[in-house]
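These notes concern the structure reproduced below.
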Amino acid sequence: MWTIFKKELKTYFLSPIGYVAIGVFMLMYSIFFYLTTISYGSIYMGDLYYATARYGLLLIIPLLTMRMFSEERKNGTEQLLLTSPRSVTSIVLGKFLAAATVILITLVLSLIYSVIISFFGSVSISTLIVTMVGFFLVAIAAISIGMFASSITENQVIASIITIGVLVAPWFLVDISTAFSSIDLMDKFLKFPSGLVSIADTISLVSITIMCILLTIVLIKRRKTVK
Amino acid sequence: MIEVKNVTKKYGTIVAVDNISFDVKDGEIVGFLGPNGAGKSTTMNMITGFIEPTNGQIVINGNDISRKPKKAKKDIGYMPENVPLYYELTAREFVKYMAELKMVKRDIRKQEVDRVIKEVGLEEVQNKLIRNLSRGYKQRVSLAGALIGNPDVIILDEPTVGLDPKQITEIRSLIKKLGRKHTVILSSHILSEISQICERVIIINKGKIIAIDTPENLEKATKEKNNISIIVEDPKDNMKTLKEKIKQIESVELIKDNNDGTKQYMVTCSSSTDLRKKLFEVLPKEEIVIFELKKVETTLEDAFIKLIDTAKEGKNNVDNI
């Protein structure tokens, strides 16, 4: 698992993808920092993370996940992976953790603004931590969805469009039926920014993540028999 | 040791590989031969565990590839068709990554990477990005990936495609060298390559094995006639009547009339007789001067085409040669 993790993480930063993802994230984050915190003269960081999660993740998650399996399949390098003694589970987890690490890097970088704010007022550390944990949970759920999308097609563009579709569709489907809010990741992030740890939301986000990881593993194993 | 037992692969209703069985002994080099779409790559992909057979069993050194994939795959080095590589890595980084994937122990990893890079001749370009390497070098990087960790079984899917003649000779001698310590299966379109390198040939067509034997035996078994190519100076045109002088001759055919007064003929007789001695005796008496006399060998090419044609006609009786 760590072999694949190391290689994947390295690949993010050998190609522009890692830098672009972090750059776009910081750009969005900075814009929202201006719009929410500075223009209202507020020290409340919750809205900032919420807005960045809603729009920033939409841009960077497909970027991070689209090539995961699509590219390997298209270039045939999946043959190298799947004929190595490594298990499918360790390959999938390695790739997943590498993308999660990029998100973790962005979260650490995002602390800069909290440090800046702390010069002008006291930032609630506990609220900030809860918000960031929530953000990370939403991000890994989105990564797992993107990873699954990437494993079903060898076309990266299709993979990223599926990911965006799955992330965005519930925002509007809620207007048809409130039942769709259960598949809306952002709905599950609502309480975290105010410093509330919602067990139900945490469990849903973690379940979505585990489910998509399992689906990816099953799909790749299954393809061995039908390919 | 590779054992392939009654392996079938179906894609929907299409049968890609149809109930094939064969063994490859330790230290043997076996060639896989067949026209495009015969099922060569599918078979190799099944042996390496990339795809699962629909039916049947594949055992590598006593480990079933489906049941104990980890153990079985550790013993296999695979160079897939179309040389898939990570273009954003350097040659050395790629080989190192393959070493990690293959679970080469940390303490010998560096030395193992160095050994393989030297063995395939990548020293000069090892720090270049694979993206910028020429086709020949890419092929070597892929081969290095197959050799890393010194696996018992090495499977090469068309290892010399797209190389220049010098590189082909180098890769061939490398494969021959490998055959001393490893079990090697390679597929190829180039029949002369197979007959040079391999100890045994498996000819496969439409998913079925139509022959397994040494290249020499295959050539012999498929030979029907003895052909002798002969270049003579024959001012009296006595070659025409040669058939009457030597009864065993089935036909004498003029191949080429050279400008220098010599003519090339093809003399055919049954495969059980050798007419060379007789020709040397008879021709001078007929005032024919021999410039050149040569037995035409059947090549693996002929054997191959013949076997494929026979299989097409439905005469599937060549299995037991």
Side-chain angles (χ1 to χ4, degrees), chain A residues 1-21 63-64 66-95 97-98 102 151 154 156 217-227, chain B residues 9-12 16 41-42 44-54 63 65-66 68-90 93-94 96-104 106 109 129-131 141-142 145-146 148-149 151 153 155 157:
Chain A
M1 183 171 79
W2 297 114
T3 304
I4 288 127
F5 167 77
K6 242 168 56 192
K7 191 244 158 208
E8 286 299 308
L9 195 60
K10 194 164 134 195
T11 310
Y12 277 130
F13 295 100
L14 281 175
S15 68
I17 289 178
Y19 299 103
V20 170
L63 200 62
L64 291 177
M66 65 183 186
R67 39 166 294 286
M68 276 182 172
F69 290 100
S70 308
E71 199 183 33
E72 301 257 11
R73 222 170 123 194
K74 195 162 197 174
N75 294 343
T77 44
E78 68 166 355
Q79 249 171 314
L80 302 175
L81 282 180
L82 297 177
T83 57
S84 78
R86 305 286 173 175
S87 66
V88 173
T89 311
S90 71
I91 295 169
V92 171
L93 286 182
K95 280 174 178 277
L97 288 179
V102 177
S151 71
E154 61 181 73
Q156 296 190 33
I217 294 171
V218 169
L219 189 87
I220 291 173
K221 280 189 177 163
R222 163 101 184 104
R223 201 178 289 130
K224 273 174 87 174
T225 56
V226 292
K227 192 161 41 193
Chain B
K9 179 72 190 174
K10 285 182 192 160
Y11 295 109
S41 291
T42 309
M44 290 190 149
N45 278 333
M46 285 192 286
I47 296 173
T48 53
F50 179 57
I51 54 178
E52 227 28 67
T54 315
N63 296 310
I65 191 89
S66 307
K68 290 182 188 164
K70 201 170 167 179
K71 274 191 180 165
K73 284 175 181 174
K74 261 190 180 171
D75 288 341
I76 303 177
Y78 181 33
M79 174 180 170
E81 205 181 2
N82 308 324
V83 289
L85 297 165
Y86 294 102
Y87 288 163
E88 66 275 13
L89 300 182
T90 66
E93 282 170 334
F94 176 81
K96 194 168 153 255
Y97 177 52
M98 288 307 290
E100 289 171 14
L101 275 183
K102 289 275 180 63
M103 300 177 168
V104 176
R106 189 186 287 267
R109 202 180 288 152
L129 285 180
I130 293 175
R131 179 194 314 281
V141 176
S142 183
I148 196 87
V153 174
I155 294 175
D157 202 347

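Identified by a heavy-atom distance below 4.5 Å to chain B, the contributing residues of residues 85-95 of chain A are A:P85, A:R86, in residue-number order.
No donor-acceptor pair under 3.5 Å is formed between the side chain of B:Y11 and the backbone N or O of B:A16. B:T54 places a side-chain N or O within 3.5 Å of a backbone atom of B:K10 that can act as its donor or acceptor partner.
Side-chain contact between B:Y87 and B:L129 is absent, with no heavy-atom pair separated by less than 4.5 Å. Taking 4.5 Å as the limit, some side-chain heavy atom of A:R67 sits within range of a side-chain heavy atom of A:T11.
There is no contact between A:S15 and chain B, counting heavy-atom distances below 4.5 Å. For B:I65, no part lies under 4.5 angstrom from a heavy atom of chain A.
Residues passing the salt bridge (charged side-chain N to carboxylate O under 4.0 Å, His left out) test with B:E100 are A:K6, B:K96, B:R109, sequence neighbours excluded. Taking the side chain to side chain donor-acceptor pair (under 3.5 Å) definition, one finds that B:Y86 meets it with A:E72, sequence neighbours left out.
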Less than 3.5 Å apart, which donor and acceptor atoms pair up between the side chains of residues 69-80 of chain B and the rest of the protein, not counting sequence neighbours?
residue, atom, partner, partner atom, Å
B:K73, NZ, A:L82, O, 2.8
B:D75, OD2, B:N61, ND2, 3.2
B:Y78, OH, A:Q79, NE2, 3.3
B:Y78, OH, B:N45, OD1, 2.6

